[in-house]
Structure formats: structure tokens, C-alpha cells
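See structure below.
We're numbering straight along the sequence, starting at 1.
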Amino acid sequence: QMSKTAEILDRANNVLIGNYGRYPIVMDHGQGSRVWDTDGREYLDLFAGFGGAVLGHCHPALVEAVAKQSHQLWHVGNTFHTEPQIELAERLNKTAFAGKAFFCHSGLESNEAAVKLARLRGQANGGKKWKIVSFNKSFHGRSLAMIAATGNPAVKAGFGPAVPGFTQVDLGDMEGVVGAVDDETAGIVVEPIQGEGGIYPVDPHFAVELRKLCDARQITLIYDEVWTGCGRTGKWFGHQHLVHDGGKVVEP
């Protein structure tokens, strides 16, 4: 007799496109940092979630908050305000940096939005800035534009021709960055710690030089914090390890 897991996997193979390589495991429920599959096996979830969902599984306070909101109001679209969204933006002002928030559904969308904002800034008042510099071994998402921004040939394979305007250089190679920047460069996007390409943290001195270059050339500096945000690195956001003052590195 077929096990419950085998039965579910058989159903999945009939209806799901296999765009990701998956283990033959069907997760059923979770609690805290542990999850259980449909055969009752227990696992320790070292992500405590995945991507931006780093709050573990089924914490009673979170379950209560979700249930309370579901009884009050669901989605109303971007043509209206809701107070919880404003409260979250206010909290980000305290934990990230002062400024305004734009909320997205995924890391991919946030990177797309950041690049679009860089282009809007670069083309304001008749400007012609539209190009983006990123780094080898980076990962920024799987849309056509973010594939072009990603510095991993395996991610790009099969999806050419590439969206124009994206150039990659080696992380830490300031000379390479300067050489890649021209009068049409709108933004530089960098992960405070590269994740999918291997664990490669940005050197604080390199971060300072990026900031100085962007200020001098009126280029938007974008930190992709999909993997380094939400407290994963010991601070609220990874860029907070790259503190500097007046162009000099200081202890965070």
C-alpha cells in the first residue's frame, strides 16, 4: 500500500511544474523551529522559515494576531490606507533608516522596485541614467530583469537574450566598479552578505567607497536585504554592520 507521502507526491507530479528540485518530503505542520512531515518524521528547521519568513512556525502570539486581523479586515488594495501598514512603516523608520517604505510581496518584487526607483531618480528632470551595476556570485531574483542583475550564469541559462543595462563586477573590486560606472549608471545593487553564491560579506571599507562613489556620481545605492534582513545577522539589517561616518569606517 502506498504511503500518505508517496500518494501526495504522485498527485503533485501530475499537476505541478518541477521548476525547483524538491526532496521527496511533504511537510504537514510545524511548531517553533521544528516541522513534521506527512509520515510523522520530525525535522529541525534551521531557517525557522524561509526567505523573509523567519518567525518560526505557529507561535501562539502570531497565530492570535493573524486570527484577530482575519476577523477584522482582509486585503483592500492599494487605493486605501490601513493603520497596520502605517504602523509597520513607522517601525521600519526606527529599525532600518529614516525614510518611506514601499511594500512588496517578495524579495524579487522589492529588488525590481528598487531598480525602478533608481531609474526614476536617474531620469528625473531630463536625466538619462538607467544602467545598473551588480556583482558576480550575487542573486537578486528570477524575473527577467533580476536574472540580468544576478551574477550567476546558471540562473541566466535558457532565458536569453538578457535584459540590457545590467553589468556585473567582482565583489570588493572597487577599480572594477569605477570602470563599470558611466554617465548612464542609475544604481549599484549589492547584498551586505552574498548568500546564494556562497557566504561572502561586503568589506566595510568597500561599502564606504561604494557610498562615496554613489554620492559623487548621483547614483542610487541599493542594499538587497532579502537574506540579511529580519535580524538574521544579529542586527535588524545587514547593512548596519557597515557603519561609517564621513567616509570612514566606525565600529557599529
Side-chain angles (χ1 to χ4, degrees), residues 48-49 51-55 78 81-125 127 129-135 138-141 145-146 149-150 171-172 174 177 181 185-196 199-252:
V54 294
L55 298 175
N78 294 328
H81 291 286
T82 61
E83 191 172 4
Q85 184 185 55
I86 297 168
E87 181 184 355
L88 177 55
E90 290 172 338
R91 291 189 181 190
L92 285 172
N93 259 255
K94 298 176 181 179
T95 59
F97 47 80
K100 297 184 178 182
F102 177 81
F103 292 109
C104 305
H105 294 91
S106 67
L108 160 63
E109 288 182 67
S110 67
N111 287 331
E112 286 269 1
V115 167
K116 289 166 70 177
L117 288 169
R119 286 189 171 186
L120 282 174
R121 180 190 178 206
Q123 296 178 38
N125 302 316
K129 295 177 180 289
W130 63 285
K131 297 177 182 177
I132 304 294
V133 176
S134 57
F135 295 91
S138 63
F139 181 79
H140 299 293
M146 290 303 102
T150 291
L171 186 67
M174 197 62 209
V177 174
V181 167
T185 301
I188 297 174
V189 57
V190 61
E191 301 159 276
I193 303 174
Q194 288 186 340
E196 298 227 4
I199 307 302
Y200 297 104
V202 169
D203 182 89
H205 296 279
F206 180 68
V208 168
E209 293 305 310
L210 283 181
R211 177 74 274 167
K212 289 164 65 176
L213 174 65
C214 288
D215 289 344
R217 300 290 294 269
Q218 294 186 313
I219 295 169
T220 301
L221 179 59
I222 302 166
Y223 278 117
D224 176 353
E225 296 261 18
V226 175
W227 279 113
T228 54
C230 301
R232 282 188 187 271
T233 68
K235 293 184 178 293
W236 284 108
F237 295 93
H239 74 269
Q240 292 168 341
H241 294 280
L242 306 173
V243 177
H244 63 89
D245 178 36
K248 296 181 179 180
V249 176
V250 298
E251 288 299 320

CG (Leu120) and NZ (Lys116) are apart, to the nearest 0.5 Å, by 8.0 Å
Taken to the nearest 0.5 Å, the spacing of Glu225 CD from Arg232 CZ works out to 11.5 Å
inquiry  = Does Gln218, at its CD atom, have more than 12 non-hydrogen atoms belonging to other residues, nucleotides or ligands within less than 6.0 Å?
reply    = no
Salt bridge (charged side-chain N to carboxylate O under 4.0 Å, His left out) pairs touching residues 100-113, sequence neighbours excluded, are none
Q. side-chain contact (heavy atoms from CB on, under 4.5 Å) between Ile193 and Tyr200: does it pass, once the steps are laid out?
A. CA-CA 5 Å; Ile193 303 174; Tyr200 297 104; 6.0 Å; no
Of Ile219, Leu242, Val177, the one forming a side-chain contact (heavy atoms from CB on, under 4.5 Å) with Leu210 is Val177
Shortest non-hydrogen pair, Asn93 vs Gly99, comes out as ND2-O, 2.7 Å
Contacts of Phe135 meeting ring pair (Phe, Tyr, Trp, His ring centres under 6.0 Å) (sequence neighbours excluded), chain-then-number -> Phe206
task: Ignoring hydrogens and angles, tell me if any N or O in the side chain of Glu191 forms a donor-acceptor pair with the backbone of Val226 under 3.5 Å.
output: no
Between Val190 and Leu171, does the side-chain contact (heavy atoms from CB on, under 4.5 Å) criterion hold? Intermediate values first, please. CA-CA 9 Å; Val190 61; Leu171 186 67; 3.9 Å; yes
Between the CZ atom in Arg119 and the NZ atom in Lys129, the distance rounded to the nearest 0.5 Å is 13.5 Å
For Ala114, the side-chain contact (heavy atoms from CB on, under 4.5 Å) test, sequence neighbours excluded, returns Ile222
On a heavy-atom basis, the closest approach of Phe103 and Ala89 is CZ-N, 3.9 Å
Taken in chain and number order and not counting sequence neighbours, the residues that satisfy side chain to side chain donor-acceptor pair (under 3.5 Å) with Glu87 are Arg91
Residues passing the side-chain contact (heavy atoms from CB on, under 4.5 Å) test with Phe97, sequence neighbours excluded, are His239
For His140 and Ala149 the tightest heavy-atom approach is CD2-O, 3.6 Å
One should read off an interatomic distance between Thr95 OG1 and Gln240 CD, to the nearest 0.5 angstrom, of 7.0 Å
Residues at least two apart in sequence or cross-chain that pass side chain to side chain donor-acceptor pair (under 3.5 Å) with Asn111, listed by chain then number, are Asp224
Sorted by chain and residue number, the salt bridge (Lys or Arg N to Asp or Glu O under 4.0 Å) partners of Lys131 (sequence neighbours excluded) come out as Asp182, Glu184
Between the CD atom in Glu196 and the CD1 atom in Ile199, the distance rounded to the nearest 0.5 Å is 10.0 Å
Residues passing the side-chain contact (heavy atoms from CB on, under 4.5 Å) test with Thr82, sequence neighbours excluded, are Leu73, Val76, Pro84, Gln85
| query | Heavy-atom distance under 4.5 Å between the side chains of Thr228 and Tyr223, does that happen here? | reply | no
Shortest non-hydrogen pair, Thr150 vs Ser138, comes out as CG2-O, 3.0 Å
d(Phe237 CZ, Cys230 SG) to nearest 0.5 Å is 6.5 Å
Exercise. Given side-chain contact (heavy atoms from CB on, under 4.5 Å), test Arg217 with Val181 step by step and report yes or no.
Key: CA-CA 9 Å; Arg217 300 290 294 269; Val181 167; 3.9 Å; yes
Hits for side chain to side chain donor-acceptor pair (under 3.5 Å) against Gln194, two or more places apart or cross-chain, chain-then-number order -> none
Applying ring pair (Phe, Tyr, Trp, His ring centres under 6.0 Å) to Trp227 and not counting sequence neighbours gives Phe47, Phe50
Report yes or no: does Ser110 contribute a side-chain atom to a donor-acceptor pair with the main-chain N or O of Cys104 at less than 3.5 Å?
no
query: Using a distance-only test with no angle check, is there a side-chain donor-acceptor pair under 3.5 angstrom linking Thr233 and His241?
result: yes
Side chain to side chain donor-acceptor pair (under 3.5 Å) filter on Asp215, not counting sequence neighbours, yields Arg211
Contacts of Arg121 meeting salt bridge (Lys or Arg N to Asp or Glu O under 4.0 Å) (sequence neighbours excluded), chain-then-number -> none
